[in-house]
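Lettering follows sequence order; numbering is per chain, from 1.
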Amino acid sequence: MSKYWKPGSERPRTVLVDDEEGGVLFVSTPASSSGFGYLSLERQRQRLPVYKYRTAILYLVENHATTIIVGETGSGKTTQIPQYLKEAGWAEGGRVIACTQPRRLAVQSVASRVAEEMGVKLGEEVGYTIRFEDQTKPNVTKIKFLTDGVLLREMMDDPLLIKYSVIMVDEAHERSLSTDMLLGLLKKVQRRRPQLRIIISSATIDAKSMATFFHIRRRNIGQATEDPAPSELPATLSVEGKGYNVEIHYVEEPVSDYLQAAVDTVMSIHDKEPPGDILVFLTGQDDIDAAVQLLTEDAQNNGLLVLPLYSGLSRADQDLIFSPTPKGKRKVVISTNIAETSLTLEGIVYVVDSGFSKQRFYNPIADIENLVVAPISKASARQRAGRAGRVRPGKCFRLYTEEYFVKEMPAEGIPEMQRSSLVSCVVQLKALGIDNILGFDWLASPSPEAMIRALEVLYSLGILDEDAKLTSPTGFQVAEIPLDPMISKMILSADTFGCSEEIITIAAVLSVQSIWVSVRGAQREFDEVKLRFAAAEGDHVTYLNVYKGFIHSGKSSQWCYKNYINYQAMKKVVDIREQLGRLLRRLGIVLKSCERDTQVLRKAILAGFFAHACCLEEFSPNGMYKTIKSSREVYIHPSSVLFRVNPKWVVYHSLVSTDKHYMRNVIAIDPSWLIEAAPHFYQLRKPNPAPY
DNA sequence: GAGCACTGC
């Protein structure tokens, strides 16, 4: 292996302390690394790297409006800082300390850990809020963990976030859509509420741009406040992590086939390295299944237990990953990016990093989201490597050269804000009274094309008016519904068509990944089972049949298993459906059923998705459609019940672009409904006119 | 004949 691999010289664990005012300096000590099993909770807390910075953090938060904390995983910042703040009195007088996370699971686990450390019952002094679940008590909860999406929603009722004294935005380096929106809005809130403290916690050293962003010049400090306002210069503090050292190895020459290189590397680790499980990062299901097959063939009875991991797997298959490795075996998990942040595997000692992941990119001109294999960033590469150092010192094998890493790999990924459609963002900002979207203070500004496209789409849906203001009531109601605006529009229209009962089921199904389980081996059987639910009208109506079956079965997981249906997804459908029902009631909409009339149902769908209408090309041998809007070539996705049925006129929910543009979730329509649904969009159209 | 990952009153 020494011939092939070149040890790297990356020094990830430098500690940097940088108070912009130059007054404070902290020097770190090397990370300690011992098991905590026998220590009391209090002693464990004191052993965390962040503990040394307790006084410093409290000092900075006291004196600065914004504090940026750079800390690696395992520093303890997420669980400790909210407690320090509470101990220092930031939760007194009915005020609440908030800590946001990008993911639900993180919210729950961090909250329960903190409650345990404080010796209180979860949901009282320490609580959490995620969608569908509010574990907080008014006037009792002092520390509240929540997803950043929930905090954004809270702003619709409480734009200045009055009840919070400190808001800590954790994992800000991930730069999710809602984190970026939240940070932009928090900056605005801070102008109006100088006493609000913001803590931004990030795992990467790119704190400078955050600091520059939050360096606000307050304009109107007219009214005298009782406390002196904190410095508007953000402070930056760095805390080291608790991970073990991970030795980085690079290939000497670039590899041409990362799949084969990954397989070879696994075999080589298995041959030459001491015991320890291996985690391999590839890009998608195809790659992963291929690698699993190669390794399983290669590895017959040689002691490798090879397991795939991606979100499309059923829960049972995902859980295999967590089962203990049998004696004398070495576990190899071949995973997508899911293992980079969302799932943590214990016992990994070796990581193989292909250097790629699938990433979503949005083309605002074509209004299409693409999924492409793209190189990862240095930040991701470090995160992946860190997965090898959770239990003991590990090794990371990067399938790219050190020169590439140093010179070519981008430091950070492109923020999601610059890779997505802005339709939802715009509605949320408008609802918060931000009228000038182009002039909004973005952390990373989206392209003007994307913003203009979003405004156009929303205007065509009747959600925004000519002045780009939310329409009343439609626009404001759409903003209340936590779904894609096109789906929200569809839901609201269902009221007129008398089919809201059915439409909210469809909306819920369209809002989850997929209700089918992934079955590669039993494809034929799967297709046959699917036919039991299939409706001639298309996928949306098929989903109604599945939902009915699920409810009829008493929401049985067995029933799901037998029918190749994802039980977790169906439970989520039920949750979303209930939420939508409550929401509509609040908007004064009474749920009505259209019984068997699928025509009104499809008209309601069209009210949201008229822009996605397509017509089958005449004499097309391979089922080619063209979009009415822009004559784009599209095909029905093979997972659709209308695949090979090819009705003349269809409307799709979304496009998946791989080698072709595939329409996912397709329904057959009558073209006359189009003019009815959107006269402004489809007027006087003779062959292939383009509205834009 | 095909499927990155999260998330939301």
Side-chain angles (χ1 to χ4, degrees), chain A residues 100-107 129-134 146-158 171 174-179 181-182 281-289 309-313 335-343 354 356-361 369-374 376 380 413 416 419-420 424-425 427-428 431 477 479-485 487-488 508 511-514 516-520 523-524 526-527 572 575-576 578-587 622-623 635-640 643-644 654 656-664:
Chain A
T100 74
Q101 295 291 319
R103 280 170 292 280
R104 295 159 55 89
L105 197 66
V107 168
T129 308
I130 54 180
R131 189 185 191 184
F132 311 129
E133 214 185 324
D134 186 7
L146 69 176
T147 51
D148 31 27
V150 168
L151 190 60
L152 270 180
R153 285 280 154 191
E154 284 191 3
M155 289 185 86
M156 290 180 57
D157 291 327
D158 177 14
E171 312 284 0
E174 287 190 22
R175 302 298 300 275
S176 73
L177 264 182
S178 39
T179 307
M181 258 204 282
L182 188 61
F281 284 102
L282 293 181
T283 60
Q285 198 170 327
D286 272 342
D287 274 5
I288 290 169
D289 288 342
L309 176 62
Y310 41 82
S311 73
L313 289 175
S335 173
T336 60
N337 245 7
I338 191 172
E340 195 180 301
T341 47
S342 304
L343 272 175
S354 64
F356 290 96
S357 71
K358 279 200 185 170
Q359 292 163 36
R360 191 177 56 197
F361 287 94
E369 289 187 328
N370 281 306
L371 213 51
V372 292
V373 174
I376 61 169
S380 280
E416 203 183 358
R419 298 185 284 116
S420 334
S424 290
C425 267
V427 173
Q428 281 198 63
Q477 289 178 333
E480 289 279 314
I481 303 175
L483 299 174
D484 183 286
I487 295 191
S488 306
S511 304
V512 302
Q513 285 274 37
S514 169
W516 310 107
V517 290
S518 175
V519 274
R520 275 264 161 105
Q523 196 62 53
R524 204 117 156 256
F526 172 59
D527 283 347
K572 203 169 162 195
D575 281 343
I576 297 176
E578 278 172 10
Q579 183 188 24
L580 290 173
R582 281 196 304 274
L583 197 63
L584 290 191
R585 230 167 291 137
R586 219 178 69 185
L587 294 174
N622 56 350
Y635 297 83
I636 294 183
H637 195 280
S639 67
S640 169
F643 179 67
R644 281 207 277 256
S654 61
V656 179
S657 302
T658 48
D659 55 326
K660 288 176 183 167
H661 296 306
Y662 287 103
M663 302 182 265
R664 279 183 64 186

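With sequence neighbours excluded, no residue forms a ring pair (Phe, Tyr, Trp, His ring centres under 6.0 Å) with A:Tyr635. Here A:Ser311 pairs with A:Ile338, A:Gln513 under the side chain to side chain contact (heavy atoms under 4.5 Å, CB included) rule; sequence neighbours left out.
Listed candidates were B:dC9, B:dC6, B:dG1. Nearest to the side chain of A:Pro482 is B:dC9. Which of B:dC9, B:dG8, B:dA2 sits closest to the side chain of A:Gln428 comes down to B:dG8. Side chain of A:Leu371, nearest nucleotide from B:dC4, B:dC6, B:dG8: B:dC4. Of the candidates B:dG3, B:dA5, B:dG8, the closest approach to any side-chain atom of A:Arg104 belongs to B:dG8. Nearest to the side chain of A:Pro638, among B:dA5, B:dA2, B:dG8, sits B:dA2. Closest to the side chain of A:Ile130, from the set B:dC6, B:dG3, B:dG8, is B:dG8. Of the candidates B:dA5, B:dG1, B:dC9, B:dA5 carries the atom nearest the A:Thr336 side chain, counting heavy atoms from C-beta on. Of the listed nucleotides (B:dG8, B:dG3, B:dA5), B:dG8 has the atom at the smallest distance from the side chain of A:Ser424.
Residue contacts for A:Ile338: at a heavy-atom cut-off of 4.0 Å it reaches the sugar-phosphate backbone alone, with no base atom in range. Using a 4.0 Å heavy-atom distance criterion, A:Arg664 is classed as making no nucleic acid contact. Within 4.0 Å (heavy atoms only), A:Asp527 reaches at least one base atom of the nucleic acid. In this structure, A:Lys660 reaches neither bases nor backbone, as no heavy-atom distance under 4.0 Å exists between it and the strands shown. As judged by a 4.0 angstrom heavy-atom cut-off over every strand, A:Gln579 is placed among the base-contacting residues. Within 4.0 Å of A:Ser639, counting heavy atoms only, lies at least one base atom of the nucleic acid. Backbone-only contact: A:Thr147 has heavy atoms under 4.0 Å from sugar-phosphate atoms and none from a base. The residue A:Glu416 sits close to a base: some heavy atom pair falls under 4.0 Å. Across all strands shown, A:Arg103 has heavy atoms under 4.0 Å from sugar-phosphate atoms exclusively, and none from any base.
To the nearest angstrom, P of B:dC6 lies 16 Å from CD of A:Glu369. Atom CD in A:Glu133 sits roughly 11 Å away from atom P in B:dG8 (whole-Å rounding). Per the geometry, CG belonging to A:Leu313 stands 19 Å off P belonging to B:dA2, to the nearest Å. Distance, A:Asp289 CG to B:dG3 P: 12 Å, rounded to whole Å. In this structure, A:Arg175 places its CZ atom 17 Å from C1' of B:dA5, rounding to the nearest Å. Rounded to whole angstrom, the span from the CG atom of A:Leu182 across to the P atom of B:dT7 amounts to 16 Å. At whole-Å resolution of the value, CG in A:Leu580 and P in B:dC9 are 12 Å apart. Between the C1' atom of B:dC6 and the CG atom of A:Asp148 lies a distance of 10 Å, rounded to the nearest Å.
Listed here is the closest heavy atom pair of A:Ile376 and A:Phe356: CG2-C, 3.6 Å.
Under the 3.5 Å distance criterion, the side-chain polar atoms of A:Gln101 are left unmatched by any main-chain donor or acceptor of A:Val107. With A:Arg103 contributing its side chain and A:Ser342 its backbone, the two residues share no donor-acceptor pair below 3.5 Å.
Inspection of the A:Ser380 and A:Glu340 side chains reveals an N or O donor paired with an N or O acceptor under 3.5 Å. Between A:Asp148 and A:Thr100, the side chains place no donor N or O within less than 3.5 Å of an acceptor N or O (distance only, hydrogens not considered).
Two residues, A:Asp484 and A:Tyr662, neighbour DNA chain B, and the one matched to the more 5' nucleotide by heavy-atom proximity is A:Tyr662.
For B:dG8, its base never sits under 3.5 Å from the side chain of A:Asp575 at any donor and acceptor pair.
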